[in-house]
> 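Encoded as structure tokens, here's the structure I'll be asking about.
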2 protein chains.
Amino acid sequence: MSPRRIDPTLATALLEAAARLLAEEGAAGLTTRRLAAAVGTSTTAVYTHFGGMDNLVRAMVHEGFARLHRRMSTVRATSDAVADVMALGYAYRANSLDHPQLYQVMFGGAALGGFALAEGDRQHGKYTLQPLVDAVARAAEQGRFRAGDPLLVAQNMWIALHGLVSLELGGYLIDPYDADVCFEAQLRSLMVGAGDEYEATATSLARARRRRSPRG
Amino acid sequence: MSPRRIDPTLATALLEAAARLLAEEGAAGLTTRRLAAAVGTSTTAVYTHFGGMDNLVRAMVHEGFARLHRRMSTVRATSDAVADVMALGYAYRANSLDHPQLYQVMFGGAALGGFALAEGDRQHGKYTLQPLVDAVARAAEQGRFRAGDPLLVAQNMWIALHGLVSLELGGYLIDPYDADVCFEAQLRSLMVGAGDEYEATATSLARARRRRSPRG
DNA sequence: CGTGGTTACGTAACATTGTTACTCCATCGA
DNA sequence: TCGATGGAGTAACAATGTTACGTAACCACG
């Protein structure tokens with residue numbers, strides 16, 4: 001169109017259009033030309049604002065981690081720390097299911113048109129994990145979990161959660177045990193593995209269920 | 001070269017070259033032209049033998065599942081079924097680390113040049129899981145695990161294992177708790193979550209460790 | 001008000017990708 | 001020996017990320 005229409009919000013417009021393209025058409029639909037067409041500009045805008053498709057995806061990943069952290073932070077601490085841990089699990093999975101394509105890019109790692117995350121990009125997980133670490137520490141203080149480093153315990157829970165979400169999004173969890181069944185069974189199993197009594201996990205699970213946020 | 005050199009093993013040669021390309025250069029290095037150059041043929045060979053790059057990757061995934069199943073089948077049943085379960089975990093992780101790129105394609109799912117697995121391709125996991133299901137059932141018979149459907153318990157273990165391997169291959173597990181530490185902590189946690197006593201898992205873990213195969 | 005510098009953007013091209021139409025010719029059966 | 005089959009090479013097509021180049025608008029001066 002008319003040249004030199006300086007738009008300071010073009011970078012954010014590109015990001016929003018990229019997020020929409022990724023969500024609606026998947027990783028294959030996220031191309032420079034379609035992105036440029038979506039915001040009514042040219043492909044070079046991607047390079048002036050981000051220096052390439054890699055950095056644009058990187059920015060989306062950063063935003064994805066920030067949103068995940070925001071969602072995890074909405075889980076309040078209660079007198080039942082195990083229920084808090086489970087509520088964090090629900091929040092994690094709900095956020096992933098709300099943005100499945102983004103989640104796959106965030107953790108799919110290797111392949112998005114040969115795109116690869118940099119070393120620092122992956123350490124966002126550590127920062128995002130903090131609410132879970134706190135809840136695990138409180139569960140140990142309340143005598144529900146075995147004594148041990150909360151960071152290691154929380155990391156193990158995150159690993160298992162990621163495994164579930166990853167396989168769910170990939171469509172690998174099939175009948176008779178679909179993702180919902182596996183998820184709640186895994187939550188109880190994780191709590192028991194951390195030291196809680198099997199029977200106690202039932203009431204905490206019921207509490208966590210009631211705290212699910214409808215959408216986020 | 002000289003035309004019409006009919007080579008009935010060309011399909012397998014393509015598969016082998018594709019596996020080598022994938023292993024050595026990653027998903028980005030696996031292109032039709034490089035593949036054709038590697039076996040000294042033309043790009044059309046991929047289409048006459050596989051009907052496209054998708055089906056060739058599909059064939060590689062099938063081979064990957066078969067190899068995983070073969071490796072899991074080498075774990076023999078002993079009088080310590082919990083150690084058997086852990087040994088299966090070691091085998092699963094070892095196979096994944098031996099073929100990291102293939103593993104990412106098998107479970108990365110969405111993105112390999114817009115390639116997506118078909119519905120039936122993912123159900124290979126169910127077949128591959130059988131040795132683990134058997135070991136879990138025997139652990140329950142021995143009174144080490146809680147009563148429950150072994151398929152559900154095994155699936156949960158597989159989910160957690162996949163989470164660990166997936167994050168390890170992606171480089172998300174960082175200091176101070178690297179993948180080795182997380183893996184063994186997770187093994188014990190899984191056994192306790194399934195019903196075993198925490199102290200008993202230590203000796204079973206030691207037994208499983210001794211049974212690690214050097215290379216596969 | 002005018003002028004130069006900076007910078008954002010569009011145009012067009014390049015290399016590379018998966019894919020396919022067309023052709024050729026070696027092999028197999030009669 | 002001759003025709004049919006079908007596997008493979010050549011070359012093209014559309015689409016991808018990326019970049020060189022030109023242009024024009026803004027901003028800071030005088």
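Lettering follows sequence order; numbering is per chain, from 1. The structure displayed is predicted, hence computed values, not measured ones.
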> To the nearest Å, how far apart are B/Asp54 CG and C/dT17 P?
17 Å
> Give the intermediate values and the outcome of salt bridge (charged side-chain N to carboxylate O under 4.0 Å, His left out) for residues A/Arg67 and A/Asp98.
CA-CA 11 Å; A/Arg67 177 161 42 200; A/Asp98 281 349; over 6 Å; no
> Would you mind telling me which residue lines up with the more 5' stretch of DNA chain C, A/Thr43 or B/Thr43, judged by nearest nucleotide?
A/Thr43
> Round to a whole Å and report the spacing from CZ of B/Arg34 to P of C/dG18.
11 Å
> Please pick, from C/dT19, D/dG17, D/dA8, the nucleotide with the shortest atom-to-atom distance to any side-chain atom of B/Thr32.
C/dT19
> Looking at B/Thr44, I'd like to know whether one of its side-chain N or O atoms comes within less than 4.0 Å of OP1 or OP2 on D/dT10.
no
> What nucleotide among C/dC9, D/dT18, D/dA8 has an atom nearest to a side-chain atom of B/His49?
D/dA8
> Would you mind checking if A/Asp196 and A/Arg188 are paired as a salt bridge, meaning a charged N to carboxylate O distance below 4.0 Å?
no
> Checking contacts here: which listed nucleotide (D/dA8, D/dT18, C/dT19) is nearest the side-chain heavy atoms of B/Leu10?
D/dA8
> B/Ser42 side chain N/O closer than 4.0 Å to the phosphate oxygens (OP1, OP2) of D/dT10?
no
> Looking only at the side chain of A/Thr31 (C-beta and beyond, no hydrogens), which of the listed nucleotides C/dG18, D/dA8, D/dG17 gets closest?
D/dG17
> Under the criterion side chain to side chain contact (heavy atoms under 4.5 Å, CB included), which of A/Leu205, A/Leu161, A/Val75 is the partner of A/Tyr90?
A/Leu205
> For the pair made of CG in A/Leu14 and C1' in C/dA8, what is the distance, rounded to whole Å?
12 Å
> Whole angstrom is fine here: how far is it from CE in B/Met53 over to C1' in C/dT16?
13 Å
> Return the orientation label for the B/His69 and B/Tyr127 ring planes: parallel under 30°, perpendicular over 60°, tilted otherwise.
parallel
> Round to the nearest Å and state the distance from A/Tyr47 atom OH to D/dA20 atom P.
12 Å
> If I take atom CG in residue A/Asn55 and atom C1' in nucleotide D/dT18, what distance separates them, rounded to the nearest angstrom?
13 Å
> In whole Å, I'd like the distance from the CD atom of A/Glu25 to the P atom of D/dA15.
14 Å
> What is the ring orientation for A/Tyr172 with B/Phe107, classed by angle as parallel under 30°, tilted 30 to 60°, or perpendicular over 60°?
tilted
> Whole angstroms only, please: what is the CZ-C1' distance between A/Arg33 and C/dT11?
12 Å
> Nearest to the side chain of A/Thr48, which nucleotide is it out of C/dT20, C/dC9, D/dT18?
C/dC9
